[in-house]
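A quick note: this is a predicted structure, and the numbers were derived from the prediction, not measured. We count ligands from 1, going down the list as the structure has it; atoms in each ligand are counted the same way.
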Amino acid sequence: MKVLVTGGAGFIGSHTVVDLIENGITPIIVDDFRNSEKFVLKQLEKLCGTKIVSYNIDCCNYEQMEAIFSSEKPDGVIHFAADKSVNESVENPLKYYQNNIGSLVTLLRLIEKHPVKSFVFSSSCTVYGNPDSVPVTELSPIKKAFSPYGFSKQVCEQCLVDFHNSNPKNSIILLRYFNPIGAHPSSLIGELPIGVPNNLIPFITQTAAGVREKVVVFGASYNTNDGTCVRDYIHVCDLAKSHVLALNYALKNPNNIDTFNVGTGKGDSVLEVIKSFEKINSLTLNYEIGPKRAGDAPVVYADNSYIKKKLNWSPKYSLEDALLHSWNWQQTL
Ligand code: WQD
């Protein structure tokens with residue numbers, strides 16, 4: 001089976017490429033390297049022991065993408081390529097609407113002409129906004145998005161539903177990621193945030209490495225055990241596995257559309273993450289409590305019973321594994 005992987009040189013995309021190859025699926029990477037590094041391709045070939053076909057193309061470019069569909073004739077698509085900074089999306093919403101929604105619409109127009117057996121879309125728990133209750137299930141209400149980034153994911157999900165209703169030939173799976181963290185155990189690939197990281201784990205690892213002076217905990221007066229926000233941190237390799245299972249599920253269930261939460265089902269607070277990071281890596285982290293960050297939901301974690309039941313997926317790595325792997329990766333940079 002040949003699968004087009006847009007954003008395949010990115011954090012989750014690159015780890016999914018490894019899993020695809022390990023499962024005998026041929027990935028075709030499409031990445032314009034706006035949010036990823038070209039050396040990742042070499043690392044992937046070293047890690048997988050095989051050449052990997054890749055195209056340096058903006059997947060919003062219909063003509064260039066059509067040429068790839070015509071020549072490669074993919075059986076499936078996994079669409080990761082998107083901008084994903086919450087903060088940046090507030091400053092530059094049109095970039096997010098243009099790229100995140102535009103790239104998806106371009107791909108849907110292409111699979112209308114060149115049908116594929118399975119289309120897997122990278123969505124996010126951010127579509128739930130600040131949930132009324134936790135754990136969050138796939139039927140939890142979609143609340144008003146906190147950011148243009150979150151709204152772009154909500155719009156993309158609606159595009160997929162409407163497209164499928166009009167054109168059920170392609171089987172579509174939406175995966176709502178919770179908080180992807182960690183790195184490949186080999187330390188050959190991992191997260192490569194550009195500039196100052198928005199997300200907690202890369203900020204922690206960069207602080208431990210002396211790249212940043214300290215971690216500021218965004219608020220400690222939430223209604224949680226220790227006052228800090230709770231999230232569902234999922235190892236990127238566990239997340240990668242869900243894509244291969246989703247592809248195969250779509251193959252076996254043609255003309256279908258389905259949505260799955262991909263999370264551990266467990267919530268950890270910011271302070272718990274910091275303490276775990278210090279313990280598993282035998283170091284002391286410089287951090288302090290600061291003001292709340294606008295838009296942060298106090299508690300978000302997944303009910304993952306549906307993906308367990310339908311895709312037979314379950315997380316294998318612990319929070320400690322992810323924090324160890326992310327620190328090992330940071331030390332190679
Ligand atoms: C986690 C917790 C912060 C940094 C975002 C996107 C989501 C997904 C994952 C793409 C929060 C706290 C953080 C710091 C801190 N991305 N924090 N100090 O906001 O849950 O989710 O990334 O799909 O869509 O919304 O992740 O890592 O930014 O924050 O205290 O320096 O860590 O307040 O409680 P978040 P995060």
For this session: Identify the protein heavy atom lying closest to atom 1 (C) of ligand 1, giving its residue, its atom name and the separation to 0.1 Å.
Result: Tyr233 OH, 3.6 Å

Exercise. Does the side chain of Asp31 pick up a donor-acceptor pair with the side chain of Ser36 at under 3.5 Å?
Worked result: yes

Exercise. Between Thr228 and ligand 1, which part of the residue brings a heavy atom under 4.0 Å of the ligand: side chain, backbone, both or neither?
Worked result: neither

Seminar exercise, completed: Near Val86 (heavy-atom distance under 4.0 Å), the atoms of ligand 1 are 6 (C), 25 (O)

For this session: Taking only heavy atoms of Val217 into account, list the atoms of ligand 1 that are under 4.0 Å away from them.
Result: 30 (O)

Exercise. Looking only at atom types and distance, does a side-chain atom of Asp32 sit under 3.5 Å from a main-chain N or O of Arg34, one as donor and one as acceptor?
Worked result: yes

For this session: May I ask you to identify the nearest protein heavy atom to atom 19 (O) of ligand 1, giving residue, atom name and distance to one decimal place in Å?
Result: Arg293 NH2, 2.8 Å

Exercise. Taking atom CG of Asn165 as the centre, does the number of heavy atoms from other residues, nucleotides or ligands within less than 6.0 Å exceed 12?
Worked result: yes

Exercise. Can you tell me the protein heavy atom closest to atom 33 (O) of ligand 1 and the distance?
Worked result: Asp296 OD2, 2.5 Å

Exercise. Given the side-chain rings of Phe260 and Tyr249, with only the six-membered ring counted for Trp, is the space between their centroids under 6.0 Å?
Worked result: yes

Exercise. side-chain hydrogen bond (donor to acceptor under 3.5 Å, both in side chains) with Thr205: which of Gln330, Gln331, Arg212, Glu191?
Worked result: Gln330

Exercise. Tell me: protein heavy atom nearest atom 15 (C) of ligand 1, and distance?
Worked result: Phe218 CD1, 3.4 Å

Exercise. Within a radius of less than 6.0 Å around CG of Asn225, do more than 12 heavy atoms belonging to other residues, nucleotides or ligands occur?
Worked result: no

Exercise. Please state which protein non-hydrogen atom is closest to atom 7 (C) of ligand 1 and give its distance, to 0.1 Å?
Worked result: Ser124 OG, 3.9 Å

Exercise. Closest non-hydrogen protein atom to atom 18 (N) of ligand 1, residue and atom name please, with distance?
Worked result: Val216 O, 2.8 Å

Exercise. When you look for heavy atoms under 4.0 Å from ligand 1, do you find them on the side chain of Tyr149, its backbone, both, or neither?
Worked result: side chain

Exercise. What atoms of ligand 1 come closer than 4.0 angstrom to any heavy atom of Thr126?
Worked result: 24 (O), 25 (O)

For this session: Report yes or no: does Lys2 contribute a side-chain atom to a donor-acceptor pair with the main-chain N or O of Glu72 at less than 3.5 Å?
Result: yes

Exercise. What residue and heavy atom of the protein are closest to atom 26 (O) of ligand 1, and at what distance?
Worked result: Asn179 ND2, 3.1 Å

For this session: Select one of side chain, backbone, both or neither to describe which atoms of Phe146 lie under 4.0 Å from any atom of ligand 1, heavy atoms only.
Result: neither

Exercise. According to a 4.5 Å side-chain heavy-atom criterion applied to Ile, Leu, Val, Met, Phe, Trp and Tyr, with indirect links allowed, do Ile101 and Leu104 form part of one hydrophobic cluster?
Worked result: no

For this session: Check Val270 against ligand 1 and report side chain, backbone, both or neither, counting heavy atoms closer than 4.0 Å.
Result: side chain

Exercise. Taking the six-membered ring for Trp, are His325 and His235 ring centroids under 6.0 Å apart?
Worked result: yes

For this session: Taking only heavy atoms of Asn198 into account, list the atoms of ligand 1 that are under 4.0 Å away from them.
Result: 4 (C), 28 (O)

Exercise. Is there a donor-acceptor contact under 3.5 Å from the side chain of Tyr96 to the main chain of Ser85?
Worked result: yes

For this session: Pick out which of Tyr306, Tyr177, Tyr128 makes a side-chain hydrogen bond (donor to acceptor under 3.5 Å, both in side chains) with Asn261.
Result: Tyr128

Exercise. Under a 4.0 Å heavy-atom limit, does Ile201 contact ligand 1 with its side chain, its backbone, both, or neither?
Worked result: neither

Exercise. Honestly, is Lys292 close enough over Phe218, meaning NZ or CZ under 6.0 Å from the six-membered ring centre and within 45° of the axis?
Worked result: no

Exercise. How does Leu200 reach ligand 1, by side chain, by backbone, by both or by neither, if only non-hydrogen atoms under 4.0 Å count?
Worked result: both

Exercise. Identify the closest protein heavy atom to atom 20 (O) of ligand 1: which residue and atom is it, and at what distance?
Worked result: Arg231 NE, 2.6 Å

Problem set entry | Atoms of ligand 1, numbered as shown, that sit under 4.0 Å from any heavy atom of Cys229 | 34 (O)

